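First comes the structure, then the notes that go with it.
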Amino acid sequence: MSRRVGPVVPVLVAALLLGGCGTPRSGDLGPAPTAPPPSGAPTTDRPVPTPSRTAEPTPSPTNRPPGPSAAASTGTRRPDPVSIELWYVRAGQLVPTRRTRPATVATSRLALTELAAGPSPAEAATGMTTVLSDDVEVTRIADGVATLRVPSTGDPATRRLCEAQVVWTLTQFPTVRQVRFDGAAPVDRADYTDLLPPIVVTGPIPGERVAAPLVVTGTATVFEATVSVRVLDAAGREVATGFGTASCGSGCRGGYRVVVGWRTVREQKGTVEVYEVSAENGARINTMAVPVVLAPGG
């Protein structure tokens, strides 16, 4: 899973028009939100006097010291990046991906903006969509509860998927434990676990460049808790296999971590497949395929 991000402001009042629960959409991401510069640029302990022209010799062109960078002269620095987890929809179920963006105190607003923007081309190619369209308004975040206003929709199933996207995305942050929609009782992730596929892959994400050894992570509820992984090259040939055990077996969901390696002579497109082996006939079932770029292995 992505690491948890920094705190959000306790109270957020924003007329953020991100999108209601409507027709599934997919498409390219728009421009990333720009984080505000850090408040209060750092300064030196004491002012630096202006050097005297007669007291300091002019350096020659061959030994002139490098001048200060723009960041150093202004006392500012670029904010550190933050990784946020986004939950999209595929075949009526929730699937995660990640974005890396400049850090901001309004991480919940950033996450919902990215969620409404829709999947990247690589993600859309796997069938990911978003049902978050217009007119979702975040009105308050306080006491661990984010309150949102969501326009009504004629399709209860679509609205529930929309709510699930918002809940699973916002509750990654430590200041949001529950979400309240339109004055109803607060809900959390447990209210939407039935919308998860048997196998969830949290890493790698679609389109990611991966190198061996590759760590495949996620959650699963599968027979005897056994999760299998195989890696395919650009020609569809199997170049690596592995399996691991989830922390909980059949009938409950647990986390898994499987490490696989491969040998390839060139960088190429590939696929990471995570699946369950059928107890009835040994076939691969509940397969989650993630398109990646394979770096040469050793």
Side-chain angles (χ1 to χ4, degrees), residues 1-2 85-98 119-120 122-129 161 164-165 168 189-298:
M1 286 296 229
S2 310
E85 187 176 82
L86 304 176
W87 288 82
Y88 286 123
V89 175
R90 180 167 61 194
Q93 297 177 317
L94 295 176
V95 287
T97 188
R98 292 191 307 275
S120 69
E123 293 161 350
T126 70
M128 288 188 186
T129 63
L161 274 172
Q165 280 190 264
W168 275 76
R189 289 190 171 193
D191 293 287
Y192 302 95
T193 53
D194 61 300
L195 295 177
L196 296 176
I199 297 175
V200 172
V201 181
T202 56
I205 62 172
E208 184 177 352
R209 183 182 185 274
V210 298
L214 170 65
V215 180
V216 182
T217 59
T219 66
T221 171
V222 293
F223 178 70
E224 293 186 342
T226 302
V227 178
S228 298
V229 175
R230 68 174 188 158
V231 179
L232 309 178
D233 66 9
R237 294 184 294 260
E238 188 177 277
V239 297
T241 60
F243 68 92
T245 303
S247 58
C248 191
S250 302
C252 60
R253 182 171 295 272
Y256 66 83
R257 181 179 184 275
V258 181
V259 181
V260 292
W262 60 85
R263 291 180 179 272
T264 61
V265 295
R266 62 180 176 85
E267 184 166 299
Q268 60 190 282
K269 292 182 179 180
T271 305
V272 176
E273 289 187 351
V274 188
Y275 58 94
E276 174 186 1
V277 176
S278 171
E280 295 181 1
N281 54 21
R284 290 187 294 271
I285 59 174
N286 298 320
T287 301
M288 299 297 287
V290 182
V292 294
V293 176
L294 301 177

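By convention here, the first residue in the shown sequence is residue 1. Quantities reported herein were computed from a predicted structural model and do not represent experimental measurements. Values below: all heavy atoms of this structure, side chains included; hydrogens, waters and symmetry mates excluded.
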Minimum heavy-atom separation for [X] to [Y], with atom names?
| X | Y | answer |
| --- | --- | --- |
| Gly254 | Ser247 | CA-OG, 3.2 Å |
| Ala246 | Ala220 | CB-O, 4.3 Å |
| Pro291 | Ala122 | CG-O, 4.3 Å |
| Arg98 | Gly203 | NH1-CA, 4.2 Å |
| Thr271 | Ala289 | CG2-CB, 4.0 Å |
| Leu161 | Gly92 | CD2-O, 3.7 Å |

Distance alone, cut at 3.5 Å: any donor-acceptor contact between the side chains of [X] and [Y]?
| X | Y | value |
| --- | --- | --- |
| Ser120 | Glu123 | yes |
| Thr219 | Arg253 | yes |
| Arg90 | Thr129 | no |

Checking Trp262 side chain against Ala295 main chain: does a donor-acceptor pair fall under 3.5 Å?
yes
Does a side-chain heavy-atom distance below 4.5 Å link [X] with [Y]?
| X | Y | value |
| --- | --- | --- |
| Val222 | Val227 | yes |
| Arg230 | Val274 | no |
| Arg257 | Val215 | yes |
| Val200 | Thr202 | yes |
| Phe223 | Asn286 | no |
| Glu273 | Leu232 | yes |
| Glu267 | Val293 | yes |
| Val216 | Val272 | yes |

Quick test of your reading of the model: are Arg189 and Glu85 salt-bridged, counting only N-O distances below 4.0 Å?
yes
How long is the gap from [atom1] on [X] to [atom2] on [Y], to the nearest 0.5 Å?
| X | Y | atom1 | atom2 | result |
| --- | --- | --- | --- | --- |
| Tyr275 | Phe243 | OH | CZ | 10.5 Å |
| Gln165 | Leu94 | CD | CG | 7.0 Å |
| Leu195 | Trp87 | CG | CH2 | 11.0 Å |
| Glu224 | Glu276 | CD | CD | 10.0 Å |
| Ile199 | Thr221 | CD1 | OG1 | 9.5 Å |
| Leu294 | Gln268 | CG | CD | 5.5 Å |

Val290: which of Thr97, Thr126, Val201 passes side-chain contact (heavy atoms from CB on, under 4.5 Å):
Val201
